[in-house]
Amino acid sequence: MDYYIIAGEASGDLHAANLMKQLKREDPSARFRVWGGDLMEAQGGVLVKHIRELAYMGFYEVLANLPGIIQNFRLCKKDILEWKPDVLVLVDYPGFNLRMAAFARKHGIRTVYYISPQIWAWKQSRVKKIRRDVDKMLVILPFEKDFYSRFGVDVSFVGHPLLDALEEVERRNDSHHFRTRHQLPASPLVAILPGSRKQEVTRLLGEMAAVAGDFPGHHFVVAGMSSVPRSAYDGVDAPENVSVVFDQTYALLANAEAAMVASGTATLETALFQVPLVVCYKANRVSFWIARRLVKVKYISLVNLIMDRPLVKELIQSAFHKKGVSDELALLLGDSSRRNHILSGYEELRMRLGGPGASHRAARAIAGLAGGASGE
């Protein structure tokens, strides 16, 4: 059967690639046409558009790139109609994917949404469109199932796909090999995760990297992304104990003692690697002003949202500055009670997310829907 999959960010590329791997086991005849990244392409997807051309963040940035976004909509609609997939699989990326769900419904194409947009945080009215346009919702956070069920959406909680991805990394991890390969010293490592979009990296990395000067006994490693232009990393004036390693985020986290992390999926990834972290976030002023009036959640990090308490420190907007980050990092590295409190919370977090197998459970549901659509 034919699967059209749309992911617009690095995390979506990872989880969609793992989903494709499982879909091939469920459906040996599976063919894929995708919007995504290198990982999805490596799983056999015919790549229509790469995520480096799709990742925009913030209200201002979306407006500034509106002509290109409109062109992407037109291309995607035309391509879907020409390929006529058995099922359309949408992976997060709500600004684009919710519109494509509405388009697919009008043309009789069955649609699965895997990894819910965070409409429980803001724009809850979108749930009515999801109920109308999406045939099956596959959610990865435990509280999302109750949210969608209240509105009559056909929803299943499949567990978090990060648990599958991390199992593979834990089996492969070799600290000596990682350090040798990237010419890193024997000093304790601190990870810097400044985001997966150019705008995030440009806005956050300089301040995050500057903190390294306060910790000469540690080596700081920036988790670079090849989907972000190299100039975003090269332009940062960083202390000598800072390196950049590209496309090795999980290997880096497997060897880190602490981390500074931009808000987003990366906070959850870091927590599941049992790395104490401080959350860093600063948006365009206009975007932040709008978001502050629309967002209905108490926290910005997935760790704190799932735990429903401030387990990790969040430094947002004016609170995000070198001294604030440095002070919290000093606690994470030197205060055993602070570290133990966070690590204990991480164990509870993992239990709430369920066990491994999310990608397999999602693939089974999607293959079943596709089979029904094709009349098998």
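Note that the numbering runs from 1 along the sequence shown for the chain. The figures that follow rest on heavy atoms only: side chains count, while hydrogens, waters and symmetry mates do not.
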- Check the pair Glu314 / Ser301 against side-chain hydrogen bond (donor to acceptor under 3.5 Å, both in side chains), numbers first and verdict last. CA-CA 8 Å; Glu314 296 182 351; Ser301 70; 2.8 Å; yes
- List the steps, then state whether ring pair (Phe, Tyr, Trp, His ring centres under 6.0 Å) holds for Tyr93 with Trp35. CA-CA 11 Å; Tyr93 197 46; Trp35 291 50; 8.6 Å; no
- Has the side chain of Asp135 got a donor or acceptor atom that lies under 3.5 Å from a matching backbone atom of Thr111? yes
- For the pair Asp13 (side chain) and Gly36 (backbone), establish whether a donor and an acceptor sit closer than 3.5 Å, ignoring hydrogens and angles. no
- So the side chain to side chain donor-acceptor pair (under 3.5 Å) pairs with at least one residue in residues 223-236 (sequence neighbours excluded) are Ser226-Asp247
- For the side chain of His321 and the backbone of Gly324, is there at least one donor-acceptor N/O pair under 3.5 Å apart? yes
- Item | Nearest atoms (heavy-atom pairs only) where Met100 meets Cys76 | CE-SG, 3.7 Å
- Separation between CG of Leu75 and NZ of Lys49, rounded to the nearest 0.5 Å: 6.0 Å
- Message: Is there a ring pair (Phe, Tyr, Trp, His ring centres under 6.0 Å) between Phe273 and Tyr250? Walk through the geometry before answering.
- Response: CA-CA 8 Å; Phe273 272 102; Tyr250 285 1; 5.5 Å; yes
- Task: Could you grab the distance from atom CZ of Arg364 to atom CD of Gln22, nearest 0.5 Å is fine?
- Result: 10.0 Å
- Query: So which heavy atom on Pro276 is nearest to which on Gln274, and how close?
  - Reply: CD-O, 3.6 Å
- Item | Side-chain (Arg339) to main-chain (Asp335) donor-acceptor, under 3.5 angstrom | no
- Would a 4.5 Å heavy-atom cut-off, applied to side chains only, mark Arg74 and Gln71 as touching? no
- Could you state the interatomic distance from CG (Leu315) to NZ (Lys322), rounded to the nearest 0.5 Å? 13.5 Å
- Could you tell me whether the side chain of Leu98 reaches within less than 4.5 Å of the side chain of Asp133, counting heavy atoms only? no
- Keeping the roles fixed (side chain from Arg352, backbone from Ile306), state whether a donor-acceptor pair exists under 3.5 Å. yes
- Query: If you measure from OG on Ser359 to CG on Leu162, what distance do you get to the nearest 0.5 Å?
  - Reply: 9.5 Å
- Note on the structure: On a heavy-atom basis, the closest approach of Leu204 and Cys280 is CD1-O, 4.0 Å
- Provide the closest heavy-atom pair for Met307 versus Gly345 in the form atom of the first, atom of the second, distance. CE-O, 3.7 Å
- Ile6 and its side-chain contact (heavy atoms from CB on, under 4.5 Å) partner, picked from Val89, Val91, Leu88: Leu88
- Would you say Arg179 and Leu189 make side-chain contact, with heavy atoms under 4.5 Å? yes
- Val46 with Ile51, same ILVMFWY side-chain cluster at under 4.5 Å: no
- Looking at Arg31, Arg110, Arg33, which one forms a salt bridge (Lys or Arg N to Asp or Glu O under 4.0 Å) with Asp2? Arg31
- Message: What I'd like to find out is whether the side chain of Val278 reaches to under 4.5 Å of the side chain of Val325, using heavy atoms alone.
- Response: yes
- Message: So if I apply the side-chain contact (heavy atoms from CB on, under 4.5 Å) rule between Pro161 and each of Leu353, Leu19, Ile140, Asn18, which one comes out positive?
- Response: Ile140
- Item | For the student: nearest non-hydrogen atoms of Ile192 and Ala209, plus distance | CD1-CA, 4.0 Å
- Query: What class does the angle between the rings of His107 and Phe103 fall in, given that below 30° is parallel, 30 to 60° is tilted and above 60° is perpendicular?
  - Reply: tilted
- Message: I'd like to know if Arg150 pairs up with Asp146 as an ion pair, taking the criterion as any Lys NZ or Arg NE/NH1/NH2 lying under 4.0 Å from an Asp or Glu carboxylate oxygen.
- Response: no
- Task: Answer yes or no: does atom CZ of Arg105 have more than 12 heavy-atom neighbours from other residues, nucleotides or ligands under 6.0 Å?
- Result: yes
- Message: If you apply the rule side-chain contact (heavy atoms from CB on, under 4.5 Å), what do you find for Lys24 with Phe32, and how did you get there?
- Response: CA-CA 10 Å; Lys24 286 186 288 186; Phe32 304 103; 3.6 Å; yes
- Query: Shared ILVMFWY cluster between Trp83 and Leu81, side chains joined below 4.5 angstrom?
  - Reply: yes
- Query: Rounded to the nearest 0.5 Å, how far does CG of Leu252 lie from OG1 of Thr270?
  - Reply: 8.5 Å
- Message: When you compare the side chain of Val312 with that of Val261, does any pair of heavy atoms fall below 4.5 Å?
- Response: no
- Query: How about Val201 and Val222: do any of their side-chain heavy atoms sit closer than 4.5 Å?
  - Reply: no
- Query: Near Lys313 NZ, under 6.0 Å, is it more than 12 heavy atoms from other residues, nucleotides or ligands?
  - Reply: no
- Message: If you define the side chain from C-beta out and look only at heavy atoms, does anything of Asn304 sit under 4.5 Å from Val279?
- Response: no
- Message: If you compare all heavy atoms of Val303 against all heavy atoms of Ala271, which two are closest, and at what distance to 0.1 Å?
- Response: CG2-CB, 3.7 Å
- Query: When rounded to the nearest 0.5 angstrom, what is the spacing between CG in Leu331 and NE2 in His341?
  - Reply: 12.0 Å
- Task: Without swapping roles, check the side chain of Tyr114 against the backbone of Val139 for a donor-acceptor pair under 3.5 Å.
- Result: no
- Item | Side-chain donor-acceptor pair present, Tyr4, Asp79, cut-off under 3.5 Å | yes
- Find out whether Asn255 and Val221 are in side-chain contact, i.e. whether some heavy atom of one side chain is under 4.5 Å from a heavy atom of the other. no
- Query: Do Glu348 and Arg309 sit within salt-bridge range, that is, some charged N less than 4.0 Å from a carboxylate O?
  - Reply: yes
